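This report concerns only the one structure given below.
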Amino acid sequence: MIDNLVIVESPAKARTIEKFLGKEFQVKSSMGHIRDLSKKDLGIDIKSRYKPKYIIPDDKKKVVSELKKLVKEAKTVWLASDEDREGEAIAWHLCEALNLNKENTRRIVFHEITRNAITNAIKNHRGIDYNLVDAQQARRILDRLVGFELSPILWKKVKPALSAGRVQSVAVRLIVEREREILNFKYISYFKISAIFKVKDKNNRIYELKAEIQDKIESEKEVLELLEKFKIATFTITDITKKPSRKTPSPPFTTSTLQQEASRKLGFSVSQTMTIAQRLYEAGKITYMRTDSVNLSDTALHAVKEVVSREYGDKYLNIRKYKTKSKSAQEAHEAIRPAYPAKQTISGNNAEKKLYDLIWKRTIASQMSDALIEKTTVTIDISNANEKFLATGEILTFDGFLKLYIESTDDEVDENSKGLLPPLSVNDLLIPVTITATEKFTSHPPRYTEASLVKKLEELGIGRPSTYAPTISTIQQRGYVIKQDKAGYERKYILLELTDNNINKEVNTEYVGTVKAKLFPDNIGMIVNDFLVRYFSDILNYNFTATIEEEFDEIASGKKNWTDMIDRFYKQFHPKVVTTLTKSEPSKGDRHLGEDPETGKPVIVKMGRYGAMAQIGENTSKDNEEKPRFASLRKGQNMESITLEEALQLFSLPRNIGQFDGKDLIVSIGRFGPYIKHDSKFYSLKKGVDDPYSIDIERAVEIIKEKQEKDKNKIIKSFKEEPELMILNGRWGPYITYKKKNFRVPKKTDPNSLSYEDCIKIIKEVEERKKSPEK
DNA sequence: CAGTGAGCGAGCTTCCGCTTGACTT
């Protein structure tokens, strides 16, 4: 018999709490939700006021049966799930699934895991908040209705196995629209003029001063006119202004900001960050990693205060309470912080150490003083022009939190100004050394990274800390979005320089536009997005979630009935589903590119069963008509921007480029990339070196000979006893192959020394190990 | 391992949010 059973959501939390509570308390975890809507069908009885059909999923059956057993033995059950919509629903589902009775069941909540907080919570127990539960049910059911009614439309009208949902479809929309913005972006060039001046101080010491004209100059002609004027101009300092400013540290990490900083500073993907954070959490090194709160508990603040005072002195201490900006935040947890702020470093692997270091610094810095900066702006008048040169300098008068932590940004840094200015005074005369006009270009908005997409979603109030990483991976899995690098290109720019009264013009090249790990929409993502935006613009609206969240809040505060809300939504949503299913044309992204010059037949691109393709000729049912010809688009080719020429080129494969050893050489592109087929064998073309559309016979023969040479060295040893057993040289070193299965040759073993018996022994050992996994 | 794309129809796919392991290479 146990006196008290406490149920929390996570096992790591259960372990820590158990330490605080005495022997009379046993703490167990539910591992999140224990019931969900049935997955076999819609899981909602529309006709009976949207009655949900809840089941216990297979992977939760074990947890539930264990909890049931413990409940029977317990005098009192304490439901200690999180204090938000989902947490309240978990508590309620536990009541239902475990048949808890009101007399000995209590609902408690606590925001921090300290003895005080927990004993307080136990003193202030309450019952289940059914309004909050209803708000969760409304959220759950709306998401199910949207997801399970929209997805099948896509299967029918676009392609099987696609998906749509309140969160993922908007995430895809952001990426699609950003890409179109980039495709349609027109670069505008302009000029920026900067100068290096010489200036003398009272003691005739000479200093250099860099200054810039703030305004953009539109044309080269205007630049030349200005430079001509500068030849005879005098430059005078007319104003020196000093302005103090301050920088404030960023608040402690939430899931979203941790993902962003880990991406920028450490190059982690969103899911990498979460996996590493999970390990740190389970090891008791950080607090919970799925949170939207920037709040630190009093205990944490106290510990941070000690660290700052000890390490940097009280001058650097500034205890602050941060407030969340995000409206959607439910703040069931603390911010992400070190469990023990006094610990600056931890043991663990490299990634864990780095992420911990980031969290530690951010947490400590958040309680440190502002950095004080003095910014000086020097205005330089030009005697014969209205433009003004400005020189700016920045000095740090007090470093404050910057001693420890500098937040990075997605934006490019302003490389001008900064640093210390030479001693100057008003009316000083400046002698120009060189005045340079550089041609610049406006730049398109950046593509999203995983982390910047999370940031945007959070701003829109879409998704939750626990779903950011899964959402990002879903939209990639469905093929809507690809994370990839893109090579830059060379761009020419004009440089005009005025030195010693001579104007010199140069045209230089710069390499721009290289991007890494950015999110690009794929063809199917664009087609699905356009379809959904066309027929379900309300759900694809960026404000849809924010609007329904307000209604969920009203349900939570008891002002609204959840079935009424869902009913109103469904009555306008479902008819659209029906009409779209019956009336809309299949949407394959068809685009007519022009006519094939050889046959005069139309050339189109569309989405086929196996991806984007080009087609010459129409589909006809008549037997006498020729079947259309098909060719897949190549990776990275965009249905929206592909030209007729590019599409026609796809049909030039397979290409017969001649003969070698009396057999044809056929070049084509297969599932694994471009290849040469010769004597019914396949030879891959080298990535980035060979082009299947232009490769010639000499190079093809070279590739074939190279491969044959390699294959010759492939067999290290074969055996008379068993022709199916061989030792081969592979990509990762020697290996044994036997009946189509491969086995690694143990390290530090000379493969030539292995006998037939040795090989059989190795194979048997591996097979044995597979059958009986240790532990 | 080295393209496929007609049309028919069976049977499959799918959401968001809360949580961990269980898997494979």
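No experiment lies behind these values; they were computed from the predicted model shown. Here is the naming used below: chain letters follow the sequence lines, and residue numbers restart at 1 for every chain.
The residue A/S151 sits close to a base: some heavy atom pair falls under 4.0 Å. Using a 4.0 Å heavy-atom distance criterion, A/V167 is classed as a sugar-phosphate-only contact. Within 4.0 Å (heavy atoms only), A/A164 reaches sugar-phosphate atoms of the nucleic acid but no base atom. Using a 4.0 Å heavy-atom distance criterion, A/R144 is classed as a base contact. Contact annotation for A/G611: base contact, defined as any heavy-atom pair under 4.0 Å involving a base atom. At the heavy-atom level, A/Q136 lies nowhere under 4.0 Å from the strands shown. Nucleic acid contact for A/K677: none, since no nucleic acid atom lies under 4.0 Å from a heavy atom of the residue. Residue-level contact check: A/G165 touches the backbone only, with heavy atoms under 4.0 Å from sugar-phosphate atoms and none from bases.
B/dA10 atom P lies 16 Å from atom CH2 of A/W155, rounded to whole Å. Atom NZ in A/K156 sits roughly 16 Å away from atom C1' in B/dC12 (whole-Å rounding). When the C1' atom of B/dG5 is taken as reference, atom CG of A/L650 falls 15 Å away, rounded to whole Å. In this entry the distance linking CZ of A/F148 with C1' of B/dC15 reads 6 Å, nearest Å. Going from atom CD of A/E149 over to atom P of B/dC15 covers 15 Å, rounded to whole Å.
Cation-pi check for A/R144 over A/F148 is met; the charged atom lies under 6.0 angstrom from the ring centroid and within 45 degrees of its normal. Both tests do not hold together for A/R166 against A/F544: distance to the six-membered ring centre under 6.0 Å, angle to the ring axis within 45°.
Candidate nucleotides B/dT4, B/dC15, B/dG17 were compared by shortest atom distance to the side chain of A/S632, and B/dT4 ranks first. When the nucleotides B/dT14, B/dC18, B/dC15 are ranked by their closest atom to the side chain of A/Y288, B/dC18 comes out on top. When distances run from any side-chain atom of A/F630 to the nucleotides B/dT20, B/dT19, B/dG5, the shortest one goes to B/dG5. Looking at the side chain of A/R166, the nearest of the listed nucleotides B/dC16, B/dT20, B/dT19 is B/dC16. Comparing B/dC18, B/dT19, B/dA2 by their closest approach to the side chain of A/Y675 singles out B/dA2.
At B/dC18, none of the side-chain N or O atoms of A/R290 fall inside 4.0 Å of OP1 or OP2 (strictly under the cut-off). Remark: A/S10 is in phosphate contact with B/dT20, judged by side-chain N or O atoms under 4.0 Å from OP1 or OP2. Between B/dG17 and A/R140, no contact under 4.0 Å exists linking OP1 or OP2 to a side-chain N or O. Of the side-chain N and O atoms in A/Q615, none sit less than 4.0 angstrom from OP1 or OP2 of B/dG5. For the pair A/Y281 and B/dT19, the criterion of a side-chain N or O lying under 4.0 Å from OP1 or OP2 is not met. Considering only side-chain N and O atoms, A/R478 lies nowhere under 4.0 angstrom from the phosphate OP1 or OP2 of B/dT13.
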Applying the Watson-Crick and G-U criteria (both distances under 3.5 angstrom) with [ ] for crossing and | for other-strand pairs, one obtains for DNA chain B .........................
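For A/R139, the side chain to side chain donor-acceptor pair (under 3.5 Å) partners at least two apart in sequence or on another chain are A/E86, A/D143.
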